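Below is one structure, written out as structure tokens; comments come after it.
These figures come from a predicted structure and were not determined experimentally. Lettering follows sequence order; numbering is per chain, from 1.
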2 protein chains.
Amino acid sequence: MIHRLALIGFGMVGQGLCRILQDKKSYLKEKYNFQWELVGISDINKGSVFNEKGLDAEKLLSLVKEKGNIEEYPDGEKGWDSLKTIKDSNADIIVEVSYTDIHTGEPAITHCRTAFLHKKHVVTSNKGPAALAYKELSKIAEENNVMFMIEGTVMSGTPVINLALNELAGNNILSAKGILNGTTNYILTSMELGKSYEDALKEAQRLGYAEVDPTADVEGYDALAKVLILANVVLGVDLKKEDVYRKGITHISREDIELAKKEKKKWKLLGSITKKENKIEAFVMPEKISLEHPLAEINGTTNAITFTTDLLGDVTIVGPGAGKIQTGYSILTDLLDIHKYKQQFLR
Amino acid sequence: MIHRLALIGFGMVGQGLCRILQDKKSYLKEKYNFQWELVGISDINKGSVFNEKGLDAEKLLSLVKEKGNIEEYPDGEKGWDSLKTIKDSNADIIVEVSYTDIHTGEPAITHCRTAFLHKKHVVTSNKGPAALAYKELSKIAEENNVMFMIEGTVMSGTPVINLALNELAGNNILSAKGILNGTTNYILTSMELGKSYEDALKEAQRLGYAEVDPTADVEGYDALAKVLILANVVLGVDLKKEDVYRKGITHISREDIELAKKEKKKWKLLGSITKKENKIEAFVMPEKISLEHPLAEINGTTNAITFTTDLLGDVTIVGPGAGKIQTGYSILTDLLDIHKYKQQFLR
């Protein structure tokens, strides 16, 4: 079965996905009968191209690497904006991998809504729509018989959302707690190894883990978005941004780190959401945890989440929290689920 | 949709499953449209009962608790052996939860084969069939359009098998390594807290973690079976019992434990399987790992497996490795997957 894809955004995640799809083309066809065609890309900075007969992903990857944009791509229509690409392209799956605006969720929320109303599936690693408008969007998707897939929004390609929704089904999930942000965990680990906050941040920026403006990560907004997603999607509670206590890591000094070491402890930025009778407790904040704590050895960009459940007790998943290929993979795993779903309809 | 179940075996797992199914009856119906009826139980020690109109699970649980058997169950046919129950009952799903014989896999292999040939699905936590005859059995299941579900064979209800097969799909899984046996991990943890091997084993037996004859656990046969299952099912390689190096924990003394402590290390019984070009390396043996090792804080009956993959790198899942309700849940998660599969056919 062939799936026609359009990418909204062609940054790290979009490029990581294209790399995987190219490298695994024959494997995916042989093992899963999964075939794909990329028909459109629309990126606000790198340019747009559409060709209903398919684009050459390898050529697009070379272009963006060499020129920083895709404007010289030889054939196809140029200049389609994201909404035109969603509405007028012949893609049946929209891959929304544009930049997250955690305060408004836009324009990604509009992208998702538009796609669903045009009966197109959406796969996204953008945290805005799932954190701020999950209920509304999943309702519209359901009404239009299409899927809203968000594995990449939490812990990159580590299968957190699908683990909770599919493999823990039948459990009542009472809480989710963990290290949800790769950048801050990388900075805290570097500080333990002797770096100052400023040097650790600079290194994270150099390695592509932190943005030029690191506010979303270091002030805890990114982890906050993930707490909202876990709350709304996994725990099934209706939580708003304002309901979550949030504190970042910018106040943590080298002295704090050294003091913790002496106490046989470590600072970790934790995100947590717990159902307590009729109350919900949710926060993002740094905590000093003991070296025996299950999260103490989760270092660098590795992240981890513990789900507390009624039947199994605690189940923890540990894996990459960031990375081009790792987040690219989050899109592939969702594409494979849509593939399974569409195959059922065709039986 | 109503599923008719027959239980082959009514020990801890079968009883745990019945407890969950009773407690979650209305939840499962409301949330998943999953309904069930227990039509037969056949246990070599506790007795057998069959009633095509359904048995009272609550009554069976009381009986086995009070009398140690189900022979006084008031209505239904008595004395059906396991094969008759599989063949002649009106169950559409056979729940094989009899005792594992890791050397022959029998009679569970015959139970599974018979069920498939009679077009009945099998859910099992018995390690024998999956470790010793996975290829043959899954082929017969496929030919007969039924499912062979084995989540409970590794790490009780912690979703290891389904995580690897479903949620890591698209990855090449290069190795699986971890703490695969709850009993030995419990004993080693107790010894770290000061107990002798003998006292730790006695305590494990008292708590129901170890059998009266603890050989299968302490000599590493149980972990060996799990290595075979991971090899055959998850890594897709054809591995035989004889191909796996196996060493248990019986030679580890209190002195060894104390010496490791001084070296800032811990003894753990590890199981491991790795694809290396055209070679497979597989073993079960105790290793001294450093306190910073990701598995160092996996204590007691908690187990953990790390999958090394081409796209995501390492993904680790940590959860219960034993327990009545936890292993009972492994059956439920597989039943829910069969439920989804059957619903598709009816569309």
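No other option in B:A169, B:G323, B:G157 has as many heavy-atom pairs under 4.5 Å with chain A as B:A169. When each of B:P159, B:S156, B:A304, B:G319 is checked for heavy-atom pairs under 4.5 Å with chain A, B:P159 comes out on top. In terms of heavy-atom pairs under 4.5 angstrom with chain B, the leader among A:L335, A:L291, A:D310 is A:D310. Annotation: maximal heavy-atom pairing with chain B below 4.5 Å, among A:G313, A:P320, A:A296, occurs at A:P320.
Within 6.0 Å of NZ in A:K261 there are more than 12 heavy atoms belonging to other residues, nucleotides or ligands. Taking a 6.0 Å sphere around CD of A:E142, one finds it holds 12 or fewer heavy atoms contributed by other residues, nucleotides or ligands.
With a 4.5 angstrom heavy-atom cutoff, B:Y32 touches chain A only via side-chain atoms. Of the atoms belonging to A:K24, it is side-chain heavy atoms, and not backbone ones, that fall under 4.5 Å from chain B. Within the 4.5 angstrom heavy-atom criterion, atoms from both the backbone and the side chain of A:I317 approach chain B. If you measure heavy-atom distances from B:Y27 to chain A, the contacts under 4.5 Å come from the side chain alone. Both the backbone and the side chain of B:L311 come within less than 4.5 Å of a heavy atom of chain A. The contact between B:N171 and chain A is made by backbone and side chain atoms together, counting heavy-atom distances below 4.5 Å.
The CD atom of A:E167 sits 10.5 Å away from the CG atom of B:L336 when rounded to the nearest 0.5 Å. Between A:S330 atom OG and B:L312 atom CG the span is 9.0 Å, to the nearest 0.5 Å. Note: A:L168 CG to B:L163 CG = 9.5 Å, rounded to the nearest 0.5 Å.
At a threshold of 4.5 Å between non-hydrogen side-chain atoms, the residues A:E297 and B:E297 do not count as touching. Side-chain contact between A:V318 and B:V315 is absent, with no heavy atoms from C-beta onward closer than 4.5 Å.
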Stepwise side chain to side chain contact (heavy atoms under 4.5 Å, CB included) test for B:N162 and A:N166 = CA-CA 9 Å; B:N162 293 333; A:N166 303 334; over 6 Å; no
